[in-house]
Structures are given as C-alpha cells and as structure tokens.
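Excluded from the calculations below are hydrogen atoms, water molecules and symmetry mates; all remaining heavy atoms, backbone and side chain alike, are included. Residue numbering restarts at 1 for every chain, and letters A, B, ... go by the order of the sequence lines.
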There are 2 protein chains.
Amino acid sequence: MQISPAMEDYLMAIYRSQTVAERVSTSQIARRLGVSAASTTAMFKRLAEEALVEYHEYTGASLTAKGEGLAASLVRRHRLAERFLTDVLGIGLDQVDPMADRMEHALPPEVIDRFDSILQEPHTCPHGQPIPDKDGVLPDLHYSPLASLAAGEEATIARLEEGDPELLRYLVEQGLVPGARIRVVEKHPVDDLITLDLGGTSLVVGQRVVAALDVGDVPAPRTPRL
Amino acid sequence: MQISPAMEDYLMAIYRSQTVAERVSTSQIARRLGVSAASTTAMFKRLAEEALVEYHEYTGASLTAKGEGLAASLVRRHRLAERFLTDVLGIGLDQVDPMADRMEHALPPEVIDRFDSILQEPHTCPHGQPIPDKDGVLPDLHYSPLASLAAGEEATIARLEEGDPELLRYLVEQGLVPGARIRVVEKHPVDDLITLDLGGTSLVVGQRVVAALDVGDVPAPRTPRL
DNA sequence: AGTGTATGTTAGTCTGGACTAAAATTATGC
DNA sequence: GCATAATTTTAGTCCAGACTAACATACACT
Ligand SMILES: [Mn+2]
Ligand SMILES: [Mn+2]
Ligand SMILES: [Mn+2]
Ligand SMILES: [Mn+2]
C-alpha cells in the first residue's frame, strides 16, 4: 500500500512522542494530532498492517525499524522545509510550523535534497530541533534547560518549544529565539520567575516561558548558498 | 465548505480547457485528469453546489466569476512553483510539472508571494505558459506555431506542450526549450518534416514535435533575486 | 484483592472521492 | 427522420479517515 498524508502525520507523531523504544499510547497521539482516540486506534491498526508499527491492544504502539526510518525521513522533510521557509524566504519563526505541516507531504525527495544543500546541511530546524540525516541519524545536541542556569550565568538560546502558537509568538516578539545571547540576572525565589538580560534590555519571565527554552551551543547561522 | 485538493485539480482543469466562456464537457476533464466520466459528473455537481461552476446536465460546465478567480490563483500557484523549481532549485523542465501538481495544493499564499518576488514577477512558467497576476489577469503573449514559419526564418522557442512526459523529455534532450534560438532550414513537402538549425547543429523534426512548439518573443531570463 | 476511574477499543455512522455497470440522453450517418 | 453510436448520468460499491456512544480493559487506591 501507499503511505497517505494521514499515515505520515501519525508516524511523525509517534516518532516524536517515543522516547527510546518506548511504547506510545493512543491518547498521546490523539492529543498531539487533535484527533479522537478511536481514530488513533484505527490508524494504529492500519500502520501495523503495513509493518510500520508494532501494535498491542490497550498497551500502545512502537515504530518498527521500517516505520522509524520512514518517520525520520518525514521529520527531516518537515524541519528542512521550516529552515527553508525562514532562511531563504524570510518567513517568521512563529509561522513556519503549520506551513511545513502541509508542505511536508508534497515535497518530492529532489526538492528536499536541494533544500539541504542550499541550506548547507543544517543540523537543526529554526526552533532548534535536530534534523535527522539521510540515514535517519539524529545529530546529538547538548542543550540544557534554561532553568538549570545559575544567576549571573550567560548562555545562548538553542531550542524552544513549538507546540503552543501563542507562546511561540510571544517568544519571537521578545527576541527569545535560537541564537539569542542571554544572561540570568536574578532567579526569584517566589513563583520561579527569572530576570534575564537580553542584549541590554531586561526581561522578567515566568515558569511557562522558562520551561519552553533550552540553552546551549547553537551552530553558527549559515547563509543559504545558491 | 472548504476547497479540497481534488476540487482544486478539477477547477484548474476546467480553467485550462475552457476557451473564453465556452462550456466544458465531462469527458474532456475526465481525460485530462485521468479519472472516470462518472467521477467528473459527481464533482461538477459539488462545484456547482459551491457556486464555482455553472453546470447543466449533458451539456457541461463553465466557471463562474468566483470559480474563475480561484482557478486563476491555482494556476498561478502551479506555474510559479514550476518557475521556482527550475530557476532556484535547478530541477529539469521535464520533471517540474508533476512536482508542482502536488505542491500547488500545499503552498500557502505567503510562500507564493515570496516566490513571485524572488523570481521577479515572471510572466510565464518554464514551459512558456502565462502566469496569471494576483488579480487573475493573464499577460498576453504573442506566440505563433512553429509550423507558421517559412524556410529561412529565424525565431525563438517560446512555449512547448507539457502534456506528454515522453515528448517533453525528448524536447529538453534536444535543447528545444523556451529561449532557444532556431532557424528553419527546410520545410519538407512530404510528411510535414522540418529541418531546423539549433545553434549550429541541424535537426529534423516531425509533425508531433512541430505541433508541440510555439515561437515568439520570450522575456529575458531573470536571475532569482535573493 | 476488589472496585472505581481513566484509558482504549468496538460498533455504527458520515463524508469525499474514486470506481464499474446500467440507463438515459444527445449526436451522427444513412 | 430514425437507428445506431458516443457521451453523460445514475445507481450501487468501495475505501480512507474522521466522528460519537457504548463497551472493555488496565491501573491505582483503599
Ligand atoms: Mn503534516
Ligand atoms: Mn521546527
Ligand atoms: Mn494538483
Ligand atoms: Mn508549466
């Protein structure tokens, strides 16, 4: 059988929810895709039929080698598309995810390859998520949560959560994007607030924002090569 | 209701088959899309439901103003995508049509606008077909059939038929692409063969190829602006 | 260990978009 | 002008992918 766009979305969702070989539940995927649990059960069966996942009733599904390879290539497509949208077309970080979500199903391999080379084989999407290589191998990025920094420490924002559009818009607005240099001015004992210095301006952020950010070494931005 | 990819394909097919306000038949569209006549009848009804076409049983359908506007914007998407694939990504003329056929349904307006400006508002797709502007207005190109040239005349290839992949591959292979300069060396009285001179090399082409080519003033190629 | 709750599955339904075969209509040729 | 051919529509099916409501299972707490 052919892999449909819907199947692709489920595979990617499983891939992204699955921490090393763990089984993934119906409701997790249903939540992530905004779909009913019943629909997810049905899709788990179809995917199992195609030997893309191993599915056990009531206990969840996990990707087979075949499924994982495919999922990695899909995630690669998605993240390279995002990079292309930001770096070549200049579209905002807060807009590219839903766009890539549709485009990922329609971009032929040749186009993905060209994106990769034009962008000079990037290792992360614009949100800082790793891009699997052609063999599905993820680069290992050594990021740590913003919360782990002590007062006075300086760091570079490396990754941000991309689930919540409103949060994402806020982060972009404030300049809290990968590559931004920050310093922890003060960690408030109450409410887990943190005062940051961001290129001279000071900014107080709360738990929700703190949890959304990772810091670490971010690869130097490369200008697209055409 | 929402416009689905399938509806988009039908609208574009009608747009492209429809010569000024003519009604278009079920079988024409079915043939063009590789679909059964029955499916086309069903889709004509759905499109009529949405006021995108005016449909009269047994006599065919024609686009309404609404449908025509939408179709023009879809054709615009398709052709700009093709231009992008060839001019920016360097993909062959003989490969881009089926790629654009899938991508056209997934490219958001922002991306199309960026393509348009990067490509410097091109007036034709790489095959020489006109690109409607944002208001759906087609540029008027003054092309004529290759067959209309007399022996000795020189011209520039401006448009080629894109229906048949094999033919297209052959044309590209021979260098018979928009922009190519040709001279009619001889028109053979038998079998409608034509001997062409193409940058020094001579080439005999038959009726099928001749019919596939138009000549005329082709806009100077623009290098993508980034 | 038993029981209530959360989670997962089944059953039944819907919609879009395709198909084939049969029926209806229009076009063509004599 | 009428019989036959070609085209179009209808009727009946199928499949993917979604949904809700009802039922089944697993887990967590006493
Ligand atoms: Mn998607
Ligand atoms: Mn991303
Ligand atoms: Mn298409
Ligand atoms: Mn074209």
Sequence neighbours excluded, every pair satisfying salt bridge (Lys or Arg N to Asp or Glu O under 4.0 Å) that has a member inside residues 36-52 of chain B: none

Of the options A:Leu213, A:Val209, A:Val184, which is the one that meets A:Ile194 in a side chain to side chain contact (heavy atoms under 4.5 Å, CB included)? A:Val184

Heavy atom of residues 68-75 of chain A under 4.0 Å from DNA chain D: which residues? none

Checking the side chain of B:Arg79 only, and the main-chain atoms of B:Pro130 only, is there a donor and an acceptor separated by less than 3.5 Å? yes

Does B:Thr59 reach a base, just sugar-phosphate, or nothing at all? Heavy atoms under 4.0 Å. nothing

Contact between B:Pro108 and A:Met103 at the side-chain level, heavy atoms closer than 4.5 Å - yes or no? yes

Which residues satisfy the ring-ring contact (aromatic ring centres under 6.0 Å, His included) test with A:Tyr10, sequence neighbours excluded? none

ring-ring contact (aromatic ring centres under 6.0 Å, His included) pairs, two or more places apart, involving residues 96-120 of chain B: B:Phe84-B:Phe115

Bend angle of the helix from C:dA1-D:dT30 to C:dC30-D:dG1, end axes from five pairs each (to 10°): 10°

A:Met43 CE to C:dT10 P, straight-line distance once rounded to whole Å: 16 Å

Are more than 12 heavy atoms, taken from residues, nucleotides or ligands other than B:Glu161, located less than 6.0 Å from that residue's CD atom? yes

Side chain B:Thr26, main chain B:Thr41, donor-acceptor under 3.5 Å: no

Nearest-Å distance, CD (A:Gln2) to P (D:dA16)? 13 Å

Between B:Phe44 (CZ) and D:dT10 (C1'), how many Å, whole number? 16 Å

Gap between atom OH of A:Tyr170 and atom CG of A:Leu176 - 0.5 Å precision: 7.0 Å

Nearest-Å distance for atom pair CD/C1', residues B:Glu57 and D:dT9: 7 Å

Results of ring-ring contact (aromatic ring centres under 6.0 Å, His included) for A:Phe44 - residues two or more places apart only: A:Tyr55

From CA spacing to verdict: side chain to side chain contact (heavy atoms under 4.5 Å, CB included), B:Asp9, B:Asp101: CA-CA 8 Å; B:Asp9 282 334; B:Asp101 238 327; 4.1 Å; yes

Please list, pair by pair, any protein nitrogen or oxygen found under 3.5 Å from a nitrogen or oxygen in nucleotides 2-6 of chain C.
none

Identify each donor-acceptor pair in which a side-chain atom of residues 87-97 of chain A lies under 3.5 Å from a protein atom, sequence neighbours left out, and give them as a table.
residue: A:Asp87; atom: OD1; partner: A:Arg83; partner atom: NH1; Å: 3.1
residue: A:Asp87; atom: OD2; partner: A:Arg83; partner atom: NH1; Å: 3.1
residue: A:Asp97; atom: OD1; partner: A:His78; partner atom: NE2; Å: 2.9

Is any side-chain heavy atom of B:Met43 closer than 4.5 Å to a side-chain heavy atom of B:Ile29? no

Strictly below 4.0 Å, heavy-atom distances to any atom of DNA chain C: list the hits from residues 6-16 of chain A, or just say none. none

B:Gln28 and B:Ser25: side-chain donor and acceptor closer than 3.5 Å? yes

Just to confirm, is there a sub-4.0 Å distance from OP1 or OP2 of C:dG16 to any side-chain nitrogen or oxygen of B:Arg46? no

B:Arg23 CZ - D:dT8 P separation (whole Å): 13 Å

Over all strands shown, is A:Tyr55 touching base, sugar-phosphate only, or nothing at heavy-atom distances under 4.0 angstrom? sugar-phosphate

Short side-chain N/O contact from A:Lys45 to OP1 or OP2 of C:dT9, under 4.0 Å: no

Summarise protein proximity over nucleotides 20-25 of chain D in one line of letters, 5' to 3': B for base, S for sugar-phosphate only, - for none, counting protein heavy atoms closer than 4.0 Å. B----S

Residues 129-139 of chain B vs salt bridge (Lys or Arg N to Asp or Glu O under 4.0 Å), sequence neighbours excluded, gives B:Asp113-B:Lys134

B:Ile131 side chain reached by B:Asp116 side chain, heavy atoms, under 4.5 Å: no

Taking C-beta and beyond as the side chain, do B:Ile157 and B:Leu171 meet within less than 4.5 Å on heavy atoms? no

Heavy-atom donor-acceptor pair, A:Thr124 side chain to A:Gln129 backbone, under 3.5 Å: no

Between residues 25-33 of chain B and DNA chain C, which residues have a heavy-atom gap below 4.0 Å? none

Can you give me the closest heavy-atom contact between B:Tyr143 and B:Gly216, atom names plus distance? CD2-CA, 4.2 Å

Which part of the nucleic acid does B:Thr40 contact within heavy-atom distance under 4.0 Å: base, sugar-phosphate only, or nothing? nothing

